**Student:** 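Just dropping this structure here.
Worth saying up front: this structure is predicted, and the values here are computed from it rather than measured. Throughout, protein chains are lettered first and strands after them, A, B, ... in sequence-line order, and every chain is numbered starting at 1. Values below: all heavy atoms of this structure, side chains included; hydrogens, waters and symmetry mates excluded.
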Amino acid sequence: MTENIKIFLDDLYAVDSSFKKHERELIDIIEKLLSSKPDIKFNKSFQSRLRAELLEKLAQKENKKINFNYMNNKLFYAFGALALFLLLIIPSLSPESSFKNTKTAKVNFDLQVNKVSKNAFGPLVAQNAATAGSEVSYAVGRGGGGGGVAAAGDMAVEADSKLIYPQPVEYKYVYAGEEFSLDNAQMEVLKKIKGSGSQNEMAQFLQNVNFDNISLQSLDDPKLRNFTIYEDKDFGYSIYVDLYEGMISINETWERWPIYNYNTYLEPMKIENIPGDEQLIGMANKFLNDYGISTASYGEPRVDNSWREIYMRTEDKSMVYVPDVMTIVYPLIINGQEIYEEWGGTMGLRVSINVRYNKVSNMWNLSNQKYQSSIYDMETDVNKILDLASRGGNYYYYYQDPSAKTVEITLGTPRLGYMQTWQYTDNVSHELLVPALIFPVTNIPTDAEYFYRESVVIPLAKEIIDQRMQGGDLPVQIMEDQTVSSEETAPAEPVVDLPAVKLEE
Amino acid sequence: MDNKELALIQACQSGNNEAFGQLYDQYFKKIYSFIYYKVSHKESAEDLVADTFYKALANLKKFNSAQGNFNAWIYRIARNTVIDHYRGSKDVQDLGALPDFSEIDSTIDQRLSLEEVRDKLYKLNETQREIIILRVWHDLSYQEIAEIVGKSEDNCKMIFSRGIKELRLSLASLIILFTMLIN
């Protein structure tokens, strides 16, 4: 008997000594319970991304620690001057109710693309990526595909036990668009250039600052990476500037917004209380205008209504959580094309409105638009692209439950766009925009209550396609009586066989 | 809570980002598993895990190690996040829900055992099931479980023992049935 089991038993005996009579059975039960602990697999890219986002959030909060009342005069003046300097480089963020813009000039990051040599960014996929397995890790972006077996929304209730147990769902993507061909064997991949170019000047400025015990001069080659300015008032905002990534965001000063009072219970929102799209977009436009943020580089704004679509499809409306924050997306346009996350979401400037208070709560993804472009080989085999699309872009192995309900998702004719992806080199992540085909989801059956994807995004870069085909030309079906190896399973047939027709750009 | 973890929490409260990163690394899998057991859906689990850590980050300054256990504190946030997720849908809320085993990587032998255990755990009520899972699979102490579920330590011990008793009885009846079938 292990020490652990002994502890369980002692606890049980302390509650009810009659348990001692059944010690053998109890040991068996506890051993079974212990050995049956499920080993939950999770997506490592999700883990890393969330970690990075949390640390960024923490970095935003750091400046809130600074209490100017307790700073010595030198530091006070230094930061005062820094703030002034920042107001010079970000003229639209000058204070009125602390921050609002009073000038006509708007913050606008003009698109700049500098061409570099072919394949200049090196491999688009990580060199140590596994070629098979459930967690192929390479330079792919957020989300990591998804799909596979998911829980159905129509939570089946077992009659005998009354336990709510979701039925698994297998999503199958069926291409129902027009024929097309891929004629460009080479296209430009874009790599975002980090920074705004002003951190060196700021660091130089700070190097002249001395504290009583700390001298910034003792630091070698210091650089100012990010800073936050915040309004210390109810419903105030903070402006976070990331000089390293070249990004600006405006967020609620979380301590001063009642929604963050964790002890306060807020009734769920009702759908009838949610403002219409036009009103939401009007509020977002006004906010951006007030803060002097130009939307010239972005397409027409649209409200992210994914929750509403799920709501409409769901029979039992009480099952659907009506969010209290609505997000308006201003899609980023580069070379006339929209940018997508790997999971199909649109990239762009985002403004969130907290509909409890009808106030903008966040604005993010306002970033510099400086890129390098380099020519890379592209996939021209339509069948490979359609094969990946029919899997929803999945490229990893996953378990298919034989009893899973199959739900068919219909995809329409693809359009060209860019897929955001990440390249990790020397512990630094670089944002890449890779040409991609965007297959719009044109039909979601009503029984797919909890499914929502705008589109399936398939990158065209040959390197990425090759690796996906290598790592995911299954799914592996794990049956109770056998395991299927990759050699035994043929790649899925493309859904349609297409003669060549040029794809409109 | 060990000294190393306490030091990490204190460093984190003092603004050491890397310390928070280490705490995150330490708790990610536990919290992910805890939430996944309850929602059985990858995307929902990811959303709720993110919410949990954001809430933990936002409230970390308020955490007082003298008044509570960090392990229990972050599990409680995760549990409340799941409750929020299900709020308004009382009919399906089951805090002791079991995972969708089909999505879990496991050997066939282990799967059989999982099925067996699941069947037995089904027979228990929601509170018993939740406390047994927290105690056995998450290896939490009764003190921690009490903090998480908002019951007294003694009550948790009582609920656990009743759950085990019911498991034992259902196992015993299974053995009797099995013996009768063989004979």
**Student:** Quick check for you: among A/I7, A/V15, A/D16, which has the greatest number of heavy-atom pairs under 4.5 Å with chain B?
**Tutor:** A/V15
**Student:** Does the B/R168 side chain pair with the main chain of A/L26, one donor and one acceptor, at a distance under 3.5 Å?
**Tutor:** no
**Student:** Using 0.5 Å steps for rounding, measure from the CG atom of B/D139 to the CG atom of A/L34.
**Tutor:**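 Rounded to the nearest 0.5 Å, the CG-CG separation comes to 8.5 Å.
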**Student:** Could you state the interatomic distance from CG (B/L169) to CD (A/E25), rounded to the nearest 0.5 Å?
**Tutor:**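 The CD atom of A/E25 is 8.5 Å from CG of B/L169, to the nearest 0.5 Å.
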**Student:** Could you tell me which non-hydrogen atom of B/R135 sits nearest to which non-hydrogen atom of A/D11, and how far apart they are?
**Tutor:**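 So the two residues come closest at NH2-OD2, 3.7 Å.
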**Student:** Under 6.0 Å from the CZ atom of B/R162, do we count more than 12 heavy atoms belonging to anything else shown?
**Tutor:**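 Incorrect, the count does not exceed 12.
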**Student:** For the pair A/Q47 and B/Y24, evaluate side chain to side chain contact (heavy atoms under 4.5 Å, CB included) and give the outcome as yes or no after the intermediate values.
**Tutor:** CA-CA 9 Å; A/Q47 184 189 21; B/Y24 172 85; 3.8 Å; yes
**Student:** On the 0 to 90° scale, with breaks at 30° and 60°, tag the B/Y32-A/F42 ring pair as parallel, tilted or perpendicular.
**Tutor:**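 Because their plane-to-plane angle lies in the 30° to 60° range, the rings of B/Y32 and A/F42 count as tilted.
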**Student:** Distance from B/L23 atom CG to A/L54 atom CG, nearest 0.5 Å?
**Tutor:** 11.5 Å
**Student:** Is there a side-chain contact between A/F19 and B/K165 (heavy atoms, below 4.5 Å)?
**Tutor:** yes
**Student:** First locate atom CD of B/E46, then atom CZ of A/R49, and finally report the distance between them rounded to the nearest 0.5 Å.
**Tutor:** 6.5 Å
**Student:** Which heavy-atom pair separates B/G21 from A/L55 by the least distance, and what is that distance?
**Tutor:** N-CD2, 4.0 Å
**Student:** Show, in sequence, the C-alpha distance, side-chain angles and deciding distance for A/E53 and B/F53, and conclude whether the side chain to side chain contact (heavy atoms under 4.5 Å, CB included) test is met.
**Tutor:** CA-CA 10 Å; A/E53 286 172 4; B/F53 280 103; over 6 Å; no
